[in-house]
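No experiment lies behind these values; they were computed from the predicted model shown. We name chains A, B, ... by the order of the sequence lines, and we start the count at 1 in each one.
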Number of protein chains: 2
Amino acid sequence: MTWCRYSFGGSVISKRSTIVDVANLAGVSIKTVSRALNDAPHVSADARERVKAAAAELDYHPNIAAQSLIARRSFLIGLTYERPSPSYVVELQNGALLRLEDSRYRLVVLPFRDIAKRPVEFGRLLMRAGLDGIVLAPPACDQDDLLDMLDRQKLPYARITPHLNMDRGIVMAMDEVAAGQAVASHLLALGHRRIGIIMGDPLHAASAARMEGYRRAFAEAGATIDGNLIVTGDFTFDVGHAVARELLRRTPQPTAILAQNDDMAVAAIAAVRDCGLSVPEDVSVAGFDDSEVARTAWPQLTTIRQPVLQMSWDATDRLITSLETDPESLDENALSYFGRGDHPHELVVRGSTAPPSA
Amino acid sequence: MTWCRYSFGGSVISKRSTIVDVANLAGVSIKTVSRALNDAPHVSADARERVKAAAAELDYHPNIAAQSLIARRSFLIGLTYERPSPSYVVELQNGALLRLEDSRYRLVVLPFRDIAKRPVEFGRLLMRAGLDGIVLAPPACDQDDLLDMLDRQKLPYARITPHLNMDRGIVMAMDEVAAGQAVASHLLALGHRRIGIIMGDPLHAASAARMEGYRRAFAEAGATIDGNLIVTGDFTFDVGHAVARELLRRTPQPTAILAQNDDMAVAAIAAVRDCGLSVPEDVSVAGFDDSEVARTAWPQLTTIRQPVLQMSWDATDRLITSLETDPESLDENALSYFGRGDHPHELVVRGSTAPPSA
DNA sequence: CCCACATATGACAACGTTTACCGTCGTCCT
DNA sequence: AGGACGACGGTAAACGTTGTCATATGTGGG
C-alpha cells in the first residue's frame, strides 16, 4: 500500500509548513503574514498579495491548536442527542452544519445513551471535548444537573425544545401542547372516538407535553381518553411496533392511532397491516415531527411539522453570535436575542388519516 | 434569562482553573500535576492523591488546545459523506463514534455537496478543520484529486467501500459486483424476466459496480437486460419516486424492480401503489444496503446487507491505530493491518419479492 | 562513611500562533 | 519645514501544557 505517513521519499521528511516558512518565502515578517492572512489592516495590497501567494505555494494552513490556545477558543461546537430516529438526527445536524458553513467553527457530535441515568459521566465527556458551546437536543436539554454543570464550567449552551426551566440558556421552543392538541383534534373532527395512543419515552418531557395536548383536545370535543388504549413506547420503530400490535389486540379495537413520533406511527401502520387491516380505511394513523419517514411512508403520514432544521440553525446561530459578542458591548436588544426563540408548528394532513369506516 | 457568561456575581469573574491553580492548591509544581494526572511515573502516591483531590476540587480540565499544540495532534477525526440517506449516515457515524468512545478523539462531521465538482473547495474545508485523520465515505473515497491532496498534506485517511485505486490508504472493501449479482439472481430465480432497474447517482462508482453485478446475473440466467427498463436516480427517495413512476409507465411493464439502494426501493414501492398495484403481488421490489428503512417498510425489503457500521468501526479503528503507532516500530504485520479489510455482504430475503403473478 | 543507584521533584524550554510596544521609514497634507 | 499617518520590522510576551535535564532526597552495599 501507499500511505502518506510512510510514503516519504525515504530521505527527506518534509514537515508541514509554518508561518515562518511563509514569511521567508514572501520576504516579510511573520506578523505581516498573520495580518495578511487574517485580513487585518496595516498591510499593503502588494504585501498581502505576496503573502497569499506564498501561503498557497507552500500549502500553508495555520495551526489551529496554536490559534485556539491564544484565542482561548477551540472553535468547536458540540451537538448532543440520544438514540433518536435517524431522520431527526440528520435534520438536527444539518441545521447546525448549515449555520457553521463558512465559519471557523466545526461540529462535534456527542450522542450519549441514558443521559438521564449517567449525568456525571456525560458531563465529563462534554468537558473533555473542549467545546466553545453546545447545542442540547432532548432529553439532555431538560437535564437539570447537566445545566448546572455547564453553568459552573461557563460553557454556553442552546437548548432545542426544552420543557423545564425555560429561562436557562438559549432556548428554541415550540408549543408541543398546542401541537398535540392540533393533531388529536384532527382525528376527533374526523369522527374518531376510539383512539389508541402510543406514548414516547417517559424520560423525555415532550411525551407528557404532547399527551397534555391530546387531553385538551378530547376535553374540548367532550370525549374521554380510554386508559385501556394507551401504550408506552420509546420513540423507536421496534418498540413502537411491539406496543402497536398489543394495542390492536385490545377491545374495543381503536379506529385511529396517535403516535408521539413518526417512527412509531410508521410502526403502527406496519402493525395494522400485520393484522390484515388497511390504513386509513380500517385504522387511521397520525404521527408527530414530520421527519423524512412521514413522506416516504405509504400512505404518507398525517403529522405535526416540527421545524427541527430551523430550530437547530437558530440555536447554533445564537450560540455562535453570543460567543462572538463582546460581553462589554451588550445592550438589552442583544440580551433578548440570546434568550428564547419561539417556533411555529403545523398540522400536516396527508393520506394516513380518514373518517372511521363504520 | 440566566446565562452563564453574564451571570457572574458582578464583581468577581472566576476564570476556568488552570494547571497552575491545581499546583498551588496541591502544593506541588505544575510538572508534578501533569505527571500525576496523566498517570505517569515518578510521582509519589501521596502527591498523586493530593493532586487529584485538588483537580476535582477546582473542576479542573486540561486545556486541549495546549495539549494539541505540543502533541502536534488535534485529537479530531473527520467523517465526510455527501447527501446520502439518513439511516446510512447515522450508521456510518455510529460506527466511528463507537470506536472513538473512551478515547481522546472526537468526531467532526463534514458533509459536503457536490464533492466531485468542487474538490478544491472541499480540500480547503478539510485542511481548515485541522484533523488528525479522516474517514471518507462514498463518493469522496473515490475522488482521486482529493486523495492526492491528502497525501500532499500528509493527512491519513481511511476509505469506506471505494472502487478505484484500491491500494491507496486504508480501505474497507465490499464486493459490490458480487452483491449486485446476488440480488439480481434472486429475482431471476423467482422467474422474473421483465426487470426494471433504478440506477444510483452516476457519480458514485458504486452505481456502475452494482450494475455490472446485475449484468452478470442476467448473463448467467441466459436473460438480457432491456435497456428500456433502466432509469437513473440519485439515491434519494424523491428522485427515485419520480423515475420509478416513469419506469412503471413503460411497456412491457416490469414485474420486478431492482433499486440500487433502499431509499429508492421504498420510493418504488410507493410508485407501484400509486399505480393501484401491490407489492409483491403485482411487482416485486428489491433494494440495496439494508438500511433502517428496509425493516420499517411494509412489506419489509428484500435487499443486500452492507455492514456499514462494522466497516465504519474498522476504518476508524485502523485509522486511530495507525496514528498511535510509532512509524519506526512498524513491521510487516502492522503494515498489512493498515491496508485493506474485506467485508462480506449478504442477501436478505424479505416480503417485498415474490414470483411473478402471471 | 562514602559511593552507586533509584525515585521524586523542579527549572526551563518548547509547541505555533497572536498581540503589544516601540521604532523607522516614507508619503501626503498644510 | 513640521506634523500626522500608514506600513512595516524587531523584540518579547502570552496562551497552557508536556518533554528534557539537572538536582534533591532516600536507600542499601561496601
What is the separation between atom [atom1] on [X] and atom [atom2] on [N], rounded to the nearest whole Å?
X: A:Leu69; N: C:dA14; atom1: CG; atom2: P; answer: 17 Å
X: B:Arg16; N: D:dT17; atom1: CZ; atom2: P; answer: 11 Å
X: A:Arg72; N: C:dT19; atom1: CZ; atom2: P; answer: 12 Å
X: A:Arg104; N: C:dT17; atom1: CZ; atom2: P; answer: 12 Å
X: B:Gln67; N: C:dC15; atom1: CD; atom2: P; answer: 18 Å
X: B:Leu37; N: D:dG19; atom1: CG; atom2: P; answer: 13 Å
X: B:Arg73; N: D:dG16; atom1: CZ; atom2: P; answer: 23 Å

Is [X] near enough to [N] that one of its side-chain N or O atoms lies under 4.0 angstrom from OP1 or OP2?
X: A:Asn38; N: C:dT18; result: yes
X: A:Tyr60; N: C:dT17; result: yes
X: B:Ser34; N: D:dT18; result: yes

message = Take a 6.0 Å sphere around CD of A:Glu101 and say whether it holds more than 12 heavy atoms from other residues, nucleotides or ligands.
response =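 Result for CD/A:Glu101: enclosed.
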ask   = In terms of heavy-atom contacts, does CZ of A:Arg128 have more than 12 from other residues, nucleotides or ligands at under 6.0 Å?
value = no
task = With rounding to the nearest 0.5 Å, note down the distance linking CZ in B:Arg50 to OG1 in B:Thr32.
result =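 Rounded to the nearest 0.5 Å, the CZ-OG1 separation comes out at 9.0 Å.
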Salt bridge check, [Y] against [X]: does any charged N sit closer than 4.0 Å to a carboxylate O?
X: B:Asp39; Y: B:Lys52; answer: yes
X: B:Asp148; Y: B:Arg168; answer: yes
X: A:Arg99; Y: A:Asp317; answer: yes

ask   = Touch check for B:Ile70, heavy atoms < 4.0 angstrom, all strands: base, sugar-phosphate only, or nothing?
value =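 Counting heavy atoms under 4.0 Å across all strands, the contact made by B:Ile70 includes a base.
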ask   = Considering only heavy atoms from C-beta outward, does the side chain of A:Leu92 approach that of A:Tyr81 to under 4.5 Å?
value =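 The answer is yes, as the side chains (C-beta and beyond) meet within the 4.5 Å cut-off.
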Can you pull every protein N or O that's under 3.5 Å from an N or O on nucleotides 4-10 of chain D?
residue	atom	partner	partner atom	Å
D:dA7	OP2	A:His42	N	3.4
D:dA7	OP2	A:His42	ND1	3.3
D:dC8	OP1	A:Ser44	OG	3.4
D:dC8	OP2	A:Ser44	N	2.1
D:dC8	OP2	A:Ser44	OG	2.6
D:dG9	OP1	A:Ser29	N	3.1
D:dG9	OP2	A:Ser29	N	3.1
D:dG9	OP2	A:Ser29	OG	2.5
D:dG9	OP2	A:Thr32	OG1	2.3
D:dG10	N7	A:Lys31	NZ	2.7
D:dG10	O6	A:Lys31	NZ	2.1

